[in-house]
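Every chain is numbered from 1 and lettered A, B, ... according to where its sequence line falls, protein lines coming before strand lines. What you see is a predicted model, and the numbers here were worked out from it, not measured in a lab.
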There are 2 protein chains.
Amino acid sequence: MKLTSKGRYAVMALVDLAKFNSINPVSLRDISLRQGISLDYLEQIFSKLRKKEIVQSVRGIQGGYVLNKKAKEIKLTNIFDAVDEKVKTVQCKKESKKGCNGRSSKCLTHDLWDELENHINNFFEKKSLEDLIKDNFERRI
Amino acid sequence: MKLTSKGRYAVMALVDLAKFNSINPVSLRDISLRQGISLDYLEQIFSKLRKKEIVQSVRGIQGGYVLNKKAKEIKLTNIFDAVDEKVKTVQCKKESKKGCNGRSSKCLTHDLWDELENHINNFFEKKSLEDLIKDNFERRI
DNA sequence: TATAAACCTGACTAATTTAGTCAAGTATAT
DNA sequence: ATATACTTGACTAAATTAGTCAGGTTTATA
């Protein structure tokens with residue numbers, strides 16, 4: 001089980017954005033330089049974040065991105081959802097429902113994966129961008 | 001983030017094994033048939049489980065595998081560890097330690113991934129094979 | 001109004017990982 | 001003896017990931 005770097009980058013970039021979020025939008029070029037993430041890759045990521053209304057774009061010179069909600073209202077779960085980073089534990093859900101009704105011997109562990117998914121998603125739902133910035137700030141004191 | 005099928009199969013196979021664990025060892029052939037997992041693949045998996053002393057092998061006719069500990073003492077974390085299924089969240093640990101000392105701007109989210117790993121591993125450490133069998137049994141009542 | 005900064009999009013690709021298969025054994029109960 | 005079942009290592013096809021690349025469009029400002 002691993003987290004993909006698309007998800008990690010999305011979170012890193014948003015923390016960076018939130019930190020530098022003032023009146024002016026933050027350009028991807030700046031985030032790219034500060035975080036060491038390829039500009040082209042960031043563009044892919046922010047395209048998805050924009051579609052999910054997590055950020056807003058400002059075009060033209062001096063343009064960039066701004067948060068579209070308060071940092072407190074942006075949860076990890078929203079970010080991961082936007083970039084298609086999701087917890088996949090069990091196959092049988094999509095496949096033949098006949099094979100897996102929760103009682104078949106094929107799914108001895110079905111409930112376990114459900115429980116695991118819930119456990120992880122619970123973590124993502126509680127954690128907001130604001131929490132991350134706060135943690136980051138407190139560590140520096 | 002996804003769980004690989006090697007990890008899933010390992011857990012499924014061990015639940016199966018634990019259920020049919022009597023005086024006689026359980027052959028991989030039987031598990032293969034009951035759980036629909038390729039025999040060759042199961043062999044790879046059980047080779048690893050044996051090396052970590054989770055199961056014991058019995059060779060020859062009427063051979064197979066038996067649990068090497070009580071189901072209560074086998075935690076998910078042991079199983080996943082044996083088959084190299086692990087939670088990987090952040091890269092910077094292995095790489096240049098210079099780049100990531102917890103204060104560099106590259107690791108704005110370092111603590112987050114640590115926290116996530118702990119959260120998930122905590123789940124794995126609590127859950128034993130016995131829990132899984134019990135859940136499975138109770139659901140059938 | 002020319003221009004450069006910065007967003008926007010889709011197609012492409014190399015590297016890695018996964019999920020097995022295959023082949024050639026060895027050990028042992030009957 | 002021999003069939004059953006464990007044991008090991010090498011190999012491979014498919015999928016996924018982590019980007020790159022090329023070609024746009026928009027707009028502030030000089």
Nucleotide dT16(D), atom P - distance to CG of Leu3(A) in whole Å: 17 Å
5′-ward residue of the pair Gly63(A)/Gly60(B) relative to DNA chain C: Gly63(A)
Euclidean distance, atom CD of residue Gln62(A) to atom C1' of dA6(C) [Å, nearest integer]: 10 Å
Distance, rounded to the nearest Å, where Asn24(B) contributes CG and dT28(C) contributes P: 18 Å
Residue Ile61(B), side-chain atoms from C-beta onward, closest of dA5(D), dT4(D), dA5(C): dT4(D)
Pair Lys127(A) + Glu115(B), salt bridge at N-O below 4.0 Å: yes
Backbone N/O of Glu53(A) and side chain of Asn68(A): donor-acceptor pair under 3.5 Å: yes
Residue whose nearest DNA chain D nucleotide is more 5′ - Ser38(A) or Arg29(B): Arg29(B)
Pairs under 3.5 Å (N/O, protein and nucleotides 7-15 of chain D):
unit_1: dT7(D); atom_1: OP1; unit_2: Ser57(B); atom_2: OG; d: 2.7
unit_1: dT7(D); atom_1: OP2; unit_2: Arg50(B); atom_2: NE; d: 3.2
unit_1: dT7(D); atom_1: OP2; unit_2: Tyr65(B); atom_2: OH; d: 2.7
unit_1: dT7(D); atom_1: O4'; unit_2: Arg59(B); atom_2: NH2; d: 3.3
unit_1: dT8(D); atom_1: OP2; unit_2: Arg50(B); atom_2: NH2; d: 3.1

Value in whole Å for how far the P atom of dA6(C) lies from CG of Asp30(A): 7 Å
Separation of atom OH in Tyr41(A) from atom P in dT17(D), rounded to whole Å: 9 Å
Neighbour count >12 (heavy atoms, 6.0 Å) for atom NZ, Lys52(B): no
Atom-to-atom span, CG of Leu42(A) to C1' of dT9(C) - whole angstrom: 16 Å
Donor-acceptor under 3.5 Å (Asn78(B) side chain, Lys75(B) main chain): yes
Spacing between Gln56(A) atom CD and dC8(C) atom P, to the nearest angstrom: 10 Å
Distance-only side-chain donor-acceptor flag, Gln35(B) / Asp16(B), under 3.5 Å: yes
Among dC6(D), dA18(D), dA3(D), the nucleotide that comes nearest once only the side chain of Ser5(A) is considered: dA18(D)
Side chain Ser128(A), main chain Asp131(A), donor-acceptor under 3.5 Å: yes
Separation of dA22(D) P from Leu39(A) CG (nearest whole Å): 15 Å
Joint hydrophobic cluster, Phe123(B) plus Leu132(B), side-chain heavy atoms closer than 4.5 Å: yes
